[in-house]
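First up is the structure itself, then whatever we jot down about it.
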4 protein chains.
Amino acid sequence: MNAPENKPQPRWARRKDARPEEIIAAALELFVERGFASTRLDDVAARAGVSKGTLYLYFTNKEDLFKAVVRGNILPVLQYGEDLVTQYSGTSADLVRKLVRGWWEMTGSTKIAGIPKLVIAEAGNFPDLAKFYYDEVILRAHSMFRRVLQRGADAGEFREVDIDHLVHVALAPLVMLAVWGHSFACCEEQKLHPLRYLDAYLDMLLHSLQKPQAEEKKHARKRN
Amino acid sequence: MNAPENKPQPRWARRKDARPEEIIAAALELFVERGFASTRLDDVAARAGVSKGTLYLYFTNKEDLFKAVVRGNILPVLQYGEDLVTQYSGTSADLVRKLVRGWWEMTGSTKIAGIPKLVIAEAGNFPDLAKFYYDEVILRAHSMFRRVLQRGADAGEFREVDIDHLVHVALAPLVMLAVWGHSFACCEEQKLHPLRYLDAYLDMLLHSLQKPQAEEKKHARKRN
Amino acid sequence: MNAPENKPQPRWARRKDARPEEIIAAALELFVERGFASTRLDDVAARAGVSKGTLYLYFTNKEDLFKAVVRGNILPVLQYGEDLVTQYSGTSADLVRKLVRGWWEMTGSTKIAGIPKLVIAEAGNFPDLAKFYYDEVILRAHSMFRRVLQRGADAGEFREVDIDHLVHVALAPLVMLAVWGHSFACCEEQKLHPLRYLDAYLDMLLHSLQKPQAEEKKHARKRN
Amino acid sequence: MNAPENKPQPRWARRKDARPEEIIAAALELFVERGFASTRLDDVAARAGVSKGTLYLYFTNKEDLFKAVVRGNILPVLQYGEDLVTQYSGTSADLVRKLVRGWWEMTGSTKIAGIPKLVIAEAGNFPDLAKFYYDEVILRAHSMFRRVLQRGADAGEFREVDIDHLVHVALAPLVMLAVWGHSFACCEEQKLHPLRYLDAYLDMLLHSLQKPQAEEKKHARKRN
DNA sequence: TATGAATGAGGATTCATTCAT
DNA sequence: TATGAATGAATCCTCATTCAT
């Protein structure tokens, strides 16, 4: 206890700051595993190592905790992508590849990937959560991806397409990959290989954006 | 009661057989609107015009009813697609277009489109339902789509791709369109236009399958 | 079971009609004994001989049950008094005596006497119940008593007083007697004798309404 | 912390002694506003400007605090009346008037008037509090009022009545006035005017105690 | 003394399920 | 078959109370 291990903060004060995040982490796991309705707050408390009552010190009710789980986990991952898009200087195709693979490593392959399923499942029951997710996550993600497509089109790298709708379409396979991992993945006898799935996805998407060869050559020349 | 026998209660006799289907129809609506856990059997019974007890004459419990809803609604739509693939004689690109637009009209734009969301949401809680859906719906849909891609490749119409994974990828936007309509659609200020979404999807998919021009020409010649 | 005891109604149907009243009766006892907050619905159910869930078939929630208890028990007793006032043909003093003694027998000495205490105690927490009680019970009781005083004044039997305020004042000892029985009665070593209390009350009230002797004589003459 | 010692925290020293009374004052307000069960100690602490834990330094539990509120507020008001009765030299009717109006100013019109309602409401749940209140408040008040009536009777000013019961009866309107202000007062559209109520009360009470005129004259003569 | 984070027993409420009719 | 009254297990949430600091 009095060991020189650098433990300057009293255990309690530190706990107080850490508690909400510990609870959110526990709740994320359980909500992802079981869904909103089937998750008992007893279990969340137990997994977070606190008592039931403690939950209510930090969250008004189950719904509030649910929203905190979504907001707390999902927003940080958007910033990364937006920054990347802003800073990137290579080809737009490479940017797409980098974004997709980055998303997989930071989100798609983690517990956070369970959130889209959660939000989709509960959108009807929590309209304001759905609205939040739509405004803060979906619109931002669409906006980011639209910038990438526009960037490629402006540079003459991508062909002209219906960008507004393609954004919707092109993000769907990523969302589905995340959803899949928390729904049917465990039913598969021959497991889906996420990286091959992503390769096939990138192959499809980038092929579909490629200009007809004639123009492509012009573009290639310009770039040099 | 003591009335003469010339009224064999025709309406009733008919209803008796129809009961399970009426219940399933009512349950479909409510499950789609509210999700599994939030749907009360009271309401299902009320909407089906029967008493709560009657539900238990036809379904052993809520879970059983849920499964019946899924099974009863989802299987019929697959047959149509499979038959089409078998019989179709035009180009594979046209077959893809026809399948996609047919799916939209028969399924994507109907209440049935709510089922994928439901199954995804409850997959964790009903593993055997998920397994059923995976085996009977997803695998069959994948298989059907795989045949189409293979058909195009065999005919030299489509370029060579990783068909196994592309099937997964290529179906995702359709599933997501169905899911979208039952999750975030009501949050949108500028509503997604499903037919344009499908156009963008087909445009993307078919472009990505196109052979490079050189080969394309060969193919075009062959086709003529 | 098949005994010839005249039990013509099926037990269930009869129960359904009787249930709300059985529950209200049980709830009255417990609310009176323990107050609103300290009464557990478990106990109400047990005393009514039903399960907890059954309460919710008949009452929306605890508050609703509470209100039903008050409304169901208190309104019937008012009618008696109002009818008596309307029909009575003797002196107003005798009418007062009859009303007071009737109230004691029908209400003051029964469980119903616990209700004023209840309503007083919970008025702050249930403003609409208080409003109901004020409108439907207090105002009606005041109105009835005002008619009696006015009747006596009109007949020259009672002296002129500030009737509006006297009504309030004069009913207070009756309310207090009811309240007393459910609050301090059990603390007394020498028990309050309700009938003597009522005698003292009537003596005080009627004396205070008596005209000065001179006028009294005139009145007496008139009456003959 | 390491500041020079010239600051003996005067404010704190003062507060330390005042704490229990500040808590009691805060608790009185809340108990009166909401009743015992609906008052949260959180709120008491907040209103008293202390932490929840601090309450337990001064009171063993909620019940103890409740009792302290009652005892601390109700006893002081009795002494005034008892002293007045002992010292008063005017007519007994005037003494009654003086007592009643004094009570209104010192108690009936203040927050303290909420206590009778509280005690009545919780008498069943806190028998020892009820006993305390009965012994220390009600019996003393009765005793005091009995002395006044006896004083009037002994002086030949009041007629002979059943003093023991009249004491009960005669105090009831005062208690009810206090209770009224904390129960139905807020329901009234035409507010009760307390001073007129008290006038009507005194008028009734003193009239009822008046001797028949013949004797009254004798008494008047004696007094001169 | 004073704090306030943490506790957990307690109670209202819901709803799938049963079963007497 | 059909009903719907009744059940009671399950779970959210509250808040008086404790105790490490």
Side-chain angles (χ1 to χ4, degrees), chain A residues 9-17 19 37-45 48-65, chain B residues 12-13 15-17 19 37-46 49-65, chain C residues 9-17 19 37-45 49-65, chain D residues 9 12-13 15-17 19 37-46 49-65:
Chain A
Q9 298 103 338
R11 237 172 320 168
W12 261 40
R14 205 181 48 202
R15 299 241 88 184
K16 197 213 158 174
D17 293 343
R19 277 283 147 85
S38 302
T39 296
R40 274 172 300 141
L41 290 186
D42 267 346
D43 293 339
V44 174
V50 300
S51 75
K52 227 183 323 180
T54 301
L55 301 184
Y56 289 86
L57 294 177
Y58 298 103
F59 306 97
T60 309
N61 52 29
K62 194 182 184 181
E63 188 174 330
D64 185 47
L65 172 58
Chain B
W12 270 72
R15 296 201 78 187
K16 201 190 289 189
D17 295 343
R19 280 279 153 86
S38 299
T39 294
R40 276 172 299 136
L41 291 188
D42 263 341
D43 294 338
V44 173
V50 300
S51 75
K52 227 187 321 180
T54 301
L55 300 184
Y56 287 85
L57 297 176
Y58 297 104
F59 307 96
T60 47
N61 54 26
K62 192 183 186 182
E63 191 173 327
D64 186 46
L65 173 59
Chain C
Q9 297 103 341
R11 238 170 322 166
W12 260 40
R14 207 182 46 202
R15 301 240 87 186
K16 197 215 160 177
D17 293 343
R19 277 284 147 84
S38 301
T39 296
R40 275 172 299 139
L41 291 187
D42 267 347
D43 294 338
V44 173
V50 301
S51 75
K52 229 181 323 179
T54 300
L55 300 185
Y56 288 87
L57 294 178
Y58 299 102
F59 306 97
T60 310
N61 53 28
K62 192 182 184 182
E63 189 174 330
D64 186 47
L65 172 60
Chain D
Q9 295 153 320
W12 268 71
R15 295 201 78 185
K16 200 190 293 191
D17 295 342
R19 279 279 153 87
S38 300
T39 295
R40 277 172 299 139
L41 292 187
D42 263 340
D43 294 337
V44 173
V50 300
S51 75
K52 226 188 322 183
T54 301
L55 301 184
Y56 287 86
L57 297 175
Y58 297 103
F59 307 97
T60 47
N61 54 26
K62 192 183 185 182
E63 190 173 328
D64 185 47
L65 172 59

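The residue among C:G53 and A:E63 whose nearest nucleotide of DNA chain F is located toward the 5' end is C:G53. Looking at which nucleotide of DNA chain F each of B:L57 and C:L57 is closest to, the 5′-most match is held by B:L57. Along DNA chain E, the nucleotide nearest to B:R40 and the one nearest to A:V50 differ in position, and the one closer to the 5' end is contacted by A:V50.
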Inset, instruction - Take C:L57 and C:V50 through the test side chain to side chain contact (heavy atoms under 4.5 Å, CB included) and record every step on the way to the result. - result: CA-CA 11 Å; C:L57 294 178; C:V50 301; over 6 Å; no
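In this entry the distance linking CG of B:N61 with P of E:dC15 reads 17 Å, nearest Å. Atom CG in D:L55 sits about 12 Å away from atom C1' in E:dG4, given to the nearest Å. What separates CZ of A:F59 from P of F:dT14 is a distance of 15 Å, to the nearest Å. In this structure, D:Y56 places its OH atom 15 Å from C1' of E:dA5, rounding to the nearest Å. Rounding to whole angstrom units, OH of residue C:Y58 and P of F:dA5 are separated by 6 Å. A:D42 has its CG atom 11 Å from the P atom of E:dA9, to the nearest Å. Remark: C1' of E:dT18 and CG of B:L41 are 13 Å apart, rounded to the nearest angstrom. Atoms CZ (B:R19) and C1' (F:dT3) sit 11 Å apart, rounded to a whole Å.
Residue D:K52 places a side-chain atom within donor-acceptor reach of the base of F:dT17, judged by atom type and a 3.5 Å distance cut-off alone.
A pairwise comparison of heavy atoms in C:F59 and C:D64 identifies CA-OD2, 3.3 Å as the closest pair. Contact between D:A37 and C:A37 at its shortest, heavy atoms only, is CB-CB, 3.4 Å. Residues B:K52 and B:D42 come closest through the heavy atom pair CE-OD1, 2.7 Å. The two residues D:L41 and D:L55 come nearest to each other via the heavy atoms O-CD1, 3.6 Å.
Within the structure, a side-chain polar atom (N or O) of B:T54 is placed less than 4.0 Å from OP1 or OP2 of F:dT3.
Nucleotide F:dA20 forms a pair with E:dT3, judged by Watson-Crick or G-U wobble geometry with both contacts under 3.5 Å. Pair assignment for F:dT14: E:dA9, on the basis of Watson-Crick or G-U wobble contacts that are both within less than 3.5 Å.
Nearest to the side chain of C:K62, among E:dT13, E:dT17, F:dG8, sits E:dT13.
The residue A:T39 sits close only to the backbone: its heavy atoms come under 4.0 Å of sugar-phosphate atoms, none of a base. No contact: D:T60 has no heavy atom under 4.0 Å from any strand.
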